[in-house]
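Everything on this sheet refers to the single structure shown next.
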Amino acid sequence: MEVLVFKTNLRFKKQINAVTPHINNLQGIARWNVDLDDTDKILRIESVDLSPRSVEATLQQAGYFCEELQ
């Protein structure tokens, strides 16, 4: 299990609700959450064999910014 961490522009609960089906369609995710209290609106994903690029592309297709943090 690995933890992927991303900076996003998700600011509201309704935006998280909008991307939920997109994130849930990604294979290999065990659990995920968004920290709206963090200044970078951090998306954390616990996964097995999930490409960070596929997460970025998925959120971008849904209309949101997403960038992996190192």
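Please read all numbers here as calculations on a predicted model, not as lab measurements. Heavy-atom basis, side chains included; hydrogens, waters and symmetry copies ignored. In this chain, residues are counted from 1 in sequence order.
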Test of understanding: with side chain to side chain contact (heavy atoms under 4.5 Å, CB included), list the residues that count as partners of Val5, not counting sequence neighbours.
Val3, Ile42, Arg44, Leu69
Return the CG to OG distance between Leu26 and Ser47, rounded to the nearest 0.5 Å.
9.5 Å
So how far is it from Leu43 CG to Lys7 NZ, rounded to the nearest 0.5 Å?
14.0 Å
In short, side chain to side chain donor-acceptor pair (under 3.5 Å) pairs touching residues 26-37 with sequence neighbours left out are Asn24-Trp32, Arg31-Glu46
Test side-chain hydrogen bond (donor to acceptor under 3.5 Å, both in side chains) applied to Arg53 - qualifying residues, sequence neighbours left out:
Glu56, Glu68
Quick check on the hydrophobic clustering: are Leu4 and Leu36 connected, directly or via other members, by side-chain heavy-atom contacts under 4.5 Å?
yes
Contacts of type salt bridge (charged side-chain N to carboxylate O under 4.0 Å, His left out), residue Asp38, not counting sequence neighbours
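For Asp38, no residue satisfies salt bridge (charged side-chain N to carboxylate O under 4.0 Å, His left out) once neighbours in sequence are set aside.
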Counterpart residues, salt bridge (charged side-chain N to carboxylate O under 4.0 Å, His left out), relative to Glu67 (two or more places apart)
none
Are side-chain heavy atoms of Leu59 and Phe65 found at a separation under 4.5 Å?
no
Could you tell me whether Asp49 atom CG has more than 12 heavy atoms of other residues or ligands within 6.0 Å of it?
no
Give the intermediate values and the outcome of side-chain contact (heavy atoms from CB on, under 4.5 Å) for residues Glu2 and Val48.
CA-CA 6 Å; Glu2 65 179 329; Val48 176; over 6 Å; no
I would like to know whether Phe6 and Val55 meet side-chain contact (heavy atoms from CB on, under 4.5 Å); could you show each step before the answer?
CA-CA 9 Å; Phe6 301 88; Val55 175; 3.6 Å; yes
Exercise answer: donor-acceptor pairs, residues 11-23 side-chain atoms, under 3.5 Å, sequence neighbours excluded:
| from | atom 1 | to | atom 2 | distance (Å) |
| --- | --- | --- | --- | --- |
| Gln15 | OE1 | Arg11 | N | 2.5 |
| Gln15 | OE1 | Phe12 | N | 3.0 |
| Thr20 | OG1 | Ile16 | O | 2.7 |

